[in-house]
Amino acid sequence: MSHHIVEVKNLQHVYPDGTIAIKDVSFRITHGESVAIIGANGAGKSSLLQHLNGCLEATSGEVIIGDTRLSKGTLPDIRRTVGMVFQNPDDQLFMPTVFEDVAFGPLNLGLSGSEVDLRVREALERVGAGHLSAKPPYLLSGGEKKRVAIATVLAMSPDILVMDEPTSGLDPYARRQLMSLLREFHHTKIFTSHDLDMVLDLCPRTIILYEGGVMADGPTRDIFLNDALLAACRLEKPFSMQECPVCNKSADTKKL
Amino acid sequence: MLSINAAVSDLKRLDLLANSDSPIHALDARAKVLVTIIFSISVVSFDRYELARLLPFFIFPAVMIAYANLPPLYFVKKIAFISPFVLMMGLFNPIFDRAVMYHIGPLGISGGWISLISMLIRSLLTVGAAFILVGTTGFTAVCQALERCGTPQIFTLQLLFLHRYIFVLADETGRTARARELRSCGRKGRGIASFGSLAGHLLLRTWQRAEHIHTAMRARGFIGRFHAHRRSHFGVTGLCFVLGWTFLFITLRIYDLPGILGALFTGILP
Ligand SMILES: Nc1ncnc2c1ncn2[C@@H]1O[C@H](COP(=O)(O)OP(=O)(O)O)[C@@H](O)[C@H]1O
Ligand SMILES: [Mg+2]
């Protein structure tokens, strides 16, 4: 299926205030790939992701999803294909209750009442938020909001899943849960994260952004082994690839 | 600034009430909208000096609150909240309209006072009915019902966005106020001077958040149409509801029930 391909060509984005957030970014992500986009704060990750479903309009360059070039006319179709979880869950939740919020997307897809019910319950169960369905979103904790925000997108069964820092603000258990959920999602997925252990675990491929440009694009393992590259991009190795400080220390105390 | 947050959560509570279950909640939104409109027209169309004949109309909010399991105190407070505004609007009635209408012993009550009180009762009734409508139906469903009854979509959509925007604005105001309060260390901050920039900042922030939310809505397939989850159809219950109340309102509007009852009593009593 060529449907789940994401291709970005010479993308550039300049914000109205003159900030050049993205300069000349190109990559091609094929069907079923799982790709992490990493980079320091302000590297342009969120800006880049928001181009993938047309939330931001490119200053120049193009975005192609499947066989379709992103433009005003193709936007509704592309938004059905690309599910996007924003960095700030407060931006994503706006209905009076969690249930209605998750139902918002499926209702817009024109599904019938019982089908919507089913999808909403399923999506909430998958993120472990079934018990929250009657609550108003603004009364949830940060992590709960995040999980509900993810459910709102899952309920639309997108072909391509795009997430901006999905694990930030989650407790370790919810993080594990999300990771196994992502592992089960066999379509194309793209996410940004500062959780490099998760990246190592879930994404065979990584793209490093630095000051709006692509600094590296390749197998995750190779990238994390390249100390010079990581340092140049203000990044650090995942903990699982660093020497264990606890074990070293305990060895030291034994010596004493 | 606690009051802002309190006011917001109060508003949100009204929206949440619409999600409970009761015979009234289960009714079709159009039926409730229709009855509320007929109720308001009946109440407003009375003569400006009318008092006694307005009182029987309180039966409508009372019955609705009871059957919909709404918290009565909450609505009483909500409705009481508007009375100062109404009083302010009618402030000049007693001054300009001094013709004496009633005598209670030696005290003459002018038409101005009567019309002021009448206005107050009428606004309590109509605003109360509107609150109850939203509390039993939900704002989205009310707008949808309006649309299904022929209101142009552009108008109902504006209403919906306004409703959402109020929450966003209130949210941001609460946050900004808290941030300011925490850093002004209990003093007045930099006083009025800092309020200008604060307000400007608030406007921009609210604008940005509203835009983000709109983006999120479009990302989930929003193309200018809200769908209410509760799909109901008018049915026999809806029809009975509308006809029953309409009959009562028209009767109360045409016949002077308190007058008739009064005459009955004075007739019986020697
Ligand atoms: N709406 C905006 N207007 C102007 N500049 C922005 C806007 N949003 C982000 N930026 C700037 O663009 C750059 C990239 O931001 P962002 O994509 O959010 O970074 P990241 O998600 O990688 O932390 C930052 O320097 C930021 O200051
Ligand atoms: Mg970001």
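The sequence lines fix the lettering, A, B, ..., with proteins before strands; numbering per chain opens at 1. Since the structure is predicted, the reported quantities are computational estimates derived from the model, not experimental observations.
Interface remark: A:Asp77 contributes no atoms to any contact with chain B (heavy atom separation under 4.5 Å). Neither the backbone nor the side chain of A:Asn88 comes within contact range of chain B; no heavy atoms are under 4.5 Å apart. The contact between B:Ile213 and chain A is made by backbone and side chain atoms together, counting heavy-atom distances below 4.5 Å.
No other option in A:Ala155, A:Pro136, A:Ala149 has as many heavy-atom pairs under 4.5 Å with chain B as A:Pro136.
Atom CZ in B:Arg218 sits 7.0 Å away from atom SG in A:Cys55 (nearest 0.5 Å). If you take NZ on A:Lys135 and CG on B:Asn19, they are separated by 14.5 Å, rounding to the nearest 0.5 Å.
Applying the ring pair (Phe, Tyr, Trp, His ring centres under 6.0 Å) test to pairs two or more places apart or on separate chains, none has a residue in residues 72-91 of chain A. Listed by first then second residue, pairs satisfying salt bridge (charged side-chain N to carboxylate O under 4.0 Å, His left out) with a partner in residues 31-43 of chain A read A:Glu33-A:Arg205, not counting sequence neighbours.
Annotation: B:Leu204, atom CG; neighbour count of heavy atoms from other residues, nucleotides and ligands within 6.0 Å is above 12. For B:Phe85, the CZ atom counts as loosely surrounded, since its 6.0 Å shell holds 12 or fewer non-hydrogen atoms of other residues, nucleotides or ligands.
Under the 4.5 Å side-chain criterion, counting only non-hydrogen atoms from C-beta, A:Asn108 is not in contact with B:Met217. At a threshold of 4.5 Å between non-hydrogen side-chain atoms, the residues A:Asp91 and B:Arg209 count as touching. Counting only heavy atoms from C-beta outward, the side chains of A:Met156 and B:Arg220 approach each other to under 4.5 Å.
Across every non-hydrogen atom of A:Gln92 and B:Ala216, the tightest pair is CA-CB, 4.0 Å.
Within residues 7-21 of chain A, no residue has any heavy atom under 4.5 Å from a heavy atom of chain B.
Under the ring pair (Phe, Tyr, Trp, His ring centres under 6.0 Å) criterion, B:Phe60 pairs with B:Phe39, B:Trp245, B:Phe249, not counting sequence neighbours.
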